[in-house]
Trainee: 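Before we start, here is the structure in question, set down as C-alpha cells.
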Protein chains: 2
Amino acid sequence: MSKLTTQRQAILDVINSSNRHWDADELTRSLSDAGKPIGIATVYRGLAALEAQGLIHSIQLADKKRYERADKEHHDHMVCTQCGHIEEFSHQTIEQLQQAAAHEKNFKLTGHQLVMFGLCSGCQQE
Amino acid sequence: MSKLTTQRQAILDVINSSNRHWDADELTRSLSDAGKPIGIATVYRGLAALEAQGLIHSIQLADKKRYERADKEHHDHMVCTQCGHIEEFSHQTIEQLQQAAAHEKNFKLTGHQLVMFGLCSGCQQE
DNA sequence: GGCATAACGATAATCGTTATCACTGTGGTG
DNA sequence: CACCACAGTGATAACGATTATCGTTATGCC
C-alpha cells in the first residue's frame, strides 16, 4: 500500500472539500493558489495512488480523466455537452441489470461507467 | 452534408465488412495493406464525417476512440481489461431507465455510453 | 474550360498523460 | 546516531492520439 504523503493528503483534501469533478491541471493550480505548489507529475501519481486505494473515484471523459470524492454512494453521470456541467444520478435497477447482463455473457465484472450526454436545464434555454 | 468520397467509402466498407471495433490507425493500415493507401488525417476526418452522418458509431475508450458499423441495433459494450476483447450486449430496460433518470434531472438527452469492464470468459481461465 | 469549394495528405502542433532521472524525506537497522 | 533502502517528488523529456495548417487535388457547376 502506498503512502499518504503530505502532497497526496493535500490532493485528497481539495477533492473532498467539494462535489466538483477535478482534472489534474485544476488540482495543480488549486494547490498552487493555496500556497502549496506541487509538480504536475506528482499530481498524476497521487491521483492514481489515491484511486487505487479507493479514496477517490474517477470518470473518463473523451478528453481527460476527472476525479471526485469517494465518500458518496455510487452514482453515474450526465455531462452537459454545452457547458460541461456534470450532474449525478443513481439508479439501483440499472446496476442490477448490468450485473445480469455481464453474467449472461460470462463476463467477470470489475467496473463500469455510464455517462449520459445532453443539455442541462440551464443550457436548454438558449 | 459532407461528401461520401472514394476514401470515405473505403473506410466505410472496411468498417461494414466486420463486427470489429476499429481505431484510426488500424483502418489506415488495413487500407494500405489492401492497396488503397490513405493519409491518417483523412481517416480522422472521414471517421468524423461518417459518424456525423450516422453511418458509423463510436465508443470512447480510455486511450482512444473506436468505430463500428451502425447498421445494427443499439447496444452497449463490455471490454475485457486483459485482452481488449469487446463484447456487445443490449438491454432495453436499461435504456428506458436512463431516459427516466434524464427526465428527472431536467436533462435533454442526446446520447450515452455504457461501458462495462472486466474479464471475458477466456481470460478468466488463467 | 474555368472556377469555387470541399477534401486530401504530409507534417507540424496540441494536449493529456507517462517515463526518466537526479534529488529528497522517511523509516528502519546495526 | 549514522547509514541505507526505498518510495515519493519535481522538472522535464517523451509519447500517443488527435487536430490544425497549408499547398495540392478532385469534383461539380456556370
Side-chain angles (χ1 to χ4, degrees), chain A residues 1-15 20-53 55-68 79 81 84 86 113 115 117, chain B residues 1-15 20-53 55-68 79 81 84 86 113 115 117:
Chain A
M1 181 73 77
S2 57
K3 296 183 207 170
L4 195 55
T5 62
T6 311
Q7 288 88 339
R8 293 181 184 175
Q9 183 65 60
I11 294 171
L12 185 55
D13 288 345
V14 172
I15 292 175
R20 283 187 52 179
H21 298 74
W22 302 81
D23 65 33
D25 201 54
E26 288 166 353
L27 285 164
T28 307
R29 275 201 307 264
S30 172
L31 285 167
S32 294
D33 292 351
K36 299 178 187 171
I38 187 172
I40 184 78
T42 305
V43 173
Y44 277 106
R45 274 183 304 237
L47 287 170
L50 290 169
E51 184 173 25
Q53 290 172 82
L55 297 174
I56 56 176
H57 287 157
S58 72
I59 50 171
Q60 173 71 51
L61 299 184
D63 51 344
K64 61 178 68 163
K65 214 166 175 179
R66 288 188 171 274
Y67 295 84
E68 64 179 330
V79 180
T81 50
I86 299 179
Q113 176 173 302
V115 180
F117 302 100
Chain B
M1 181 73 80
S2 57
K3 296 183 207 167
L4 193 56
T5 62
T6 311
Q7 287 89 341
R8 292 181 185 176
Q9 184 64 60
I11 294 171
L12 185 55
D13 287 346
V14 172
I15 293 174
R20 282 187 54 178
H21 298 76
W22 301 81
D23 66 32
D25 201 54
E26 289 166 353
L27 285 163
T28 307
R29 276 201 307 264
S30 172
L31 286 167
S32 293
D33 291 353
K36 300 178 187 173
I38 187 173
I40 183 81
T42 304
V43 173
Y44 276 106
R45 273 183 307 238
L47 287 170
L50 290 170
E51 183 174 26
Q53 291 172 81
L55 297 174
I56 55 176
H57 288 158
S58 73
I59 50 171
Q60 174 72 52
L61 299 184
D63 52 343
K64 61 178 68 163
K65 213 166 175 180
R66 288 189 169 275
Y67 294 85
E68 65 179 330
V79 180
T81 50
I86 299 179
Q113 176 173 300
V115 180
F117 302 99

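Proteins get letters first, then strands, A, B, ... in listed order; numbering begins at 1 in each.
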Trainee: So, taking the atom named CG in L27(A) and the one named OG in S32(A), what distance separates them when rounded to the nearest 0.5 Å?
Mentor: 10.5 Å
Trainee: Using whole Å, what does the distance between atom C1' of nucleotide dA7(C) and atom CD of Q9(B) come to?
Mentor: 15 Å
Trainee: Taking the minimum atom-to-atom distance to the side chain of K64(A), which one of dT21(D), dT17(C), dT20(C) wins?
Mentor: dT17(C)
Trainee: Using the closest heavy atom to pick a nucleotide of DNA chain D for each, name whichever of T6(B) or D25(B) lands nearer the 5' end.
Mentor: D25(B)
Trainee: Given dT19(D), is OP1 or OP2 found less than 4.0 Å from the side-chain N or O atoms of Y44(B)?
Mentor: no
Trainee: Rounded to the nearest 0.5 Å, what separation is found between the CG atom of L4(B) and the CD1 atom of I11(B)?
Mentor: 10.0 Å
Trainee: From the set dT9(D), dT17(C), dG8(D), return the single nucleotide nearest to any side-chain atom of A24(A).
Mentor: dT17(C)
Trainee: Return the value, rounded to whole Å, for the distance between atom CZ of R66(A) and atom P of dC15(C).
Mentor: 15 Å
Trainee: Just N and O in the side chain of T5(B): are any of them under 4.0 Å from OP1 or OP2 of dT27(D)?
Mentor: no
Trainee: Calculate, to the nearest 0.5 Å, the distance between atoms CG and CD1 belonging to L47(A) and I15(A) respectively.
Mentor: 5.5 Å
Trainee: Without decimals, in angstroms, what is the distance between R45(B) CZ and dC22(D) C1'?
Mentor: 11 Å
Trainee: Measure CH2/W22(B) against C1'/dT18(D) and give the value in whole Å, please.
Mentor: 20 Å
Trainee: Would you please name every residue forming a salt bridge (Lys or Arg N to Asp or Glu O under 4.0 Å) with K36(B), sequence neighbours left out?
Mentor: none
Trainee: Checking E26(B) now: which residues fulfil side-chain hydrogen bond (donor to acceptor under 3.5 Å, both in side chains) with it, not counting sequence neighbours?
Mentor: R20(B), R66(B)
Trainee: Would you mind reading off the distance between L61(A) atom CG and dT17(C) atom C1', rounded to a whole angstrom?
Mentor: 15 Å
Trainee: Do E51(A) and S58(A) have side-chain N/O donor and acceptor atoms under 3.5 Å apart?
Mentor: yes
Trainee: Rounded to the nearest 0.5 Å, what's the gap from NE2 on H21(B) to CD1 on I86(B)? Could you check?
Mentor: 5.0 Å
Trainee: Over how many whole Å does the gap from L47(B) atom CG to dG9(C) atom P extend?
Mentor: 13 Å
Trainee: Across the strands shown, which category fits D23(B) at heavy-atom distances under 4.0 angstrom: base, sugar-phosphate, nothing?
Mentor: nothing
Trainee: Quick one: label R8(A) by what it contacts on the DNA or RNA (base, sugar-phosphate, nothing), any heavy atom closer than 4.0 Å.
Mentor: sugar-phosphate
Trainee: For DNA chain D, what residues of residues 30-42 of chain B have any heavy atom nearer than 4.0 Å?
Mentor: A41(B)
Trainee: Taking CD from Q7(A) and C1' from dG10(D), how many angstroms apart are they, rounded to a whole number?
Mentor: 9 Å
Trainee: Grab the CD-P distance between E26(A) and dG16(C) for me, whole Å please.
Mentor: 10 Å
